[in-house]
Amino acid sequence: MMTKTRHIGLIAALSISLMGAAHAQDSATVDATVTLEQSVPPLALTGQSSLNFGAVNIPNGTETGHSCHYNVGVSGATPTYQLYEYSETDTLTDTTVPTPSGCNWGSASTPDASYGVFAVTCNPASTVDFTTSWTNGVATGVNLEAGTGTVTQSFSNSDLSSTLASGSSAGGMSATCPADGDMYVAIGGRLVVQTTASAGTDVLVGTVTLDAAY
């Protein structure tokens, strides 16, 4: 009996010793850091070619105070053309050749205009907002105006065959920048020619300004 009791007592003493042992526990942290650099979205405009109305007639004066209006619209790679004659009271008189005042696309009667074109470097996938303004030059008897219909278009390629967006003189235009960061904007307009204009070649009739912003 003594041996059994001593054995039980030893087990009990060992159990008490194990239950009294301390448990170790700890924690630690490290900071999370980053270097932040300002990203400036690219936006640059470069004039590629001038808006050129080609050859147009000065009104011949048979109708007092009449003017000839030559409208160049943007439609893909090939411009659209409209011709108008207006009276001295700004009333539309005629839209087809021959007009009373001899309004025509030069002696060849064939439109040969070309767009004003801008190259745009932009931030891929961002929406770019464009506004255009037409400003008269100092030449007598000619006025440069915004025109009617589609007067601006943006393209993803330089040959103007892939249209991104179109705009009128009233509403401007917004276009999404292509993945390669390059787009092209073509611009038309209207030329008003009065009897006081003088014949000449490559007459500077004004300027076209394109503004862009994100």
Side-chain angles (χ1 to χ4, degrees), residues 30-54 56 67 69-84 86 90 105 111-139 142-193 202-214:
V30 296
D31 294 334
T33 65
V34 65
T35 299
L36 297 174
E37 297 183 356
Q38 187 66 48
S39 175
V40 180
L43 185 60
L45 281 71
T46 304
Q48 297 283 88
S49 59
S50 299
L51 172 59
N52 187 347
F53 288 89
V56 298
S67 58
H69 295 222
Y70 303 94
N71 195 81
V72 176
V74 186
S75 179
T78 304
T80 60
Y81 307 98
Q82 292 84 33
L83 179 153
Y84 314 94
Y86 279 81
D90 204 30
W105 298 95
D112 188 26
S114 56
Y115 303 137
V117 178
F118 293 83
V120 182
T121 301
C122 48
N123 193 58
S126 292
T127 299
V128 186
D129 299 319
F130 295 99
T131 55
T132 308
S133 58
W134 293 257
T135 305
N136 279 319
V138 297
V142 289
N143 294 299
L144 179 64
E145 300 179 351
T148 56
T150 300
V151 294
T152 59
Q153 275 190 341
S154 57
F155 302 87
S156 61
N157 48 6
S158 59
D159 63 3
L160 312 184
S161 61
S162 182
T163 304
L164 297 172
S166 301
S168 67
S169 59
M173 177 180 67
S174 296
T176 301
C177 184
D180 63 1
D182 292 319
M183 77 169 80
Y184 300 84
V185 176
I187 298 175
R190 178 183 290 191
L191 186 67
V192 178
V193 183
D202 293 330
V203 177
L204 179 61
V205 296
T207 57
V208 179
T209 303
L210 180 67
D211 293 309
Y214 295 118

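Scope of the values below: all heavy atoms of this structure, side chains included, with no hydrogens, waters or symmetry mates. Keep in mind the model is a prediction, meaning the values are calculated, not measured.
- Each of Leu191, Val205, Val208 was scored for a side-chain contact (heavy atoms from CB on, under 4.5 Å) with Trp134, with one residue passing: Val208.
- Across all non-hydrogen atoms, the minimal contact from Met173 to Ala165 is SD-O, 3.5 Å.
- A side-chain donor-acceptor contact under 3.5 Å links Tyr214 to the backbone of Asn123.
- Smallest separation of non-hydrogen atoms from Phe118 and Gly47: CD2-CA, 3.9 Å.
- Asp31 and Thr33 are not linked by any side-chain donor-acceptor pair at a separation below 3.5 angstrom, with hydrogens and angles left out of the test.
- Ala113 approaches Pro79 most closely through the heavy-atom pair O-CG, 3.9 Å.
- Note: Asp211 CG to Thr132 OG1 = 8.0 Å, rounded to the nearest 0.5 Å.
- Residues Asp182 and Thr121 have side chains in contact (heavy-atom distance under 4.5 Å, counting atoms from C-beta outward).
- For the atom pair CD (Glu145) and OG1 (Thr135), the distance works out to 12.0 Å, reported to the nearest 0.5 Å.
- Rounding to the nearest 0.5 Å gives a distance of 7.0 Å between CG of Asp202 and CG of Asn52.
- No donor-acceptor pair under 3.5 Å is formed between the side chain of Thr163 and the backbone N or O of Gly76.
- The two residues Ala139 and Leu204 have their closest heavy-atom pair at CB-O, 3.7 Å.
- When every heavy atom of Val151 is checked against every heavy atom of Ser168, the shortest pair comes out as CG2-C, 3.5 Å.
- Residues meeting the ring pair (Phe, Tyr, Trp, His ring centres under 6.0 Å) test with Tyr70, sequence neighbours left out: Trp105.
- The closest donor-acceptor contact from the side chain of Asp129 to the backbone of Ser174 lies at 3.5 Å or more, if one exists at all.
- One side chain, Ser156 or Ser162, offers a donor N or O that lies under 3.5 Å from an acceptor on the other.
- Residues Phe53 and Leu144 meet the side-chain proximity criterion, which asks for heavy atoms closer than 4.5 Å.
- A distance of 8.5 Å separates OH in Tyr86 from OG in Ser67, rounded to the nearest 0.5 Å.
- Within the model, atoms OH of Tyr81 and OG of Ser75 stand 10.5 Å from one another, a figure rounded to the nearest 0.5 Å.
- Between His69 and Tyr84, the ring-plane angle classifies as perpendicular under the 30° and 60° cut-offs.
- Separation of atoms CE (Met183) and CG (Leu45) is listed at 9.5 Å; rounding is to 0.5 Å.
- The closest side-chain heavy-atom distance from Ile187 to Leu210 is below 4.5 Å.
- Listed here is the closest heavy atom pair of Cys122 and Val128: CB-CG2, 4.0 Å.
- For the pair Ser166/Val74, no side-chain contact is recorded, criterion being any heavy-atom separation below 4.5 Å from C-beta on.
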Practice item. Please step through side chain to side chain contact (heavy atoms under 4.5 Å, CB included) for the pair Tyr115 and Leu160, ending with a clear verdict. Key: CA-CA 10 Å; Tyr115 303 137; Leu160 312 184; 3.8 Å; yes
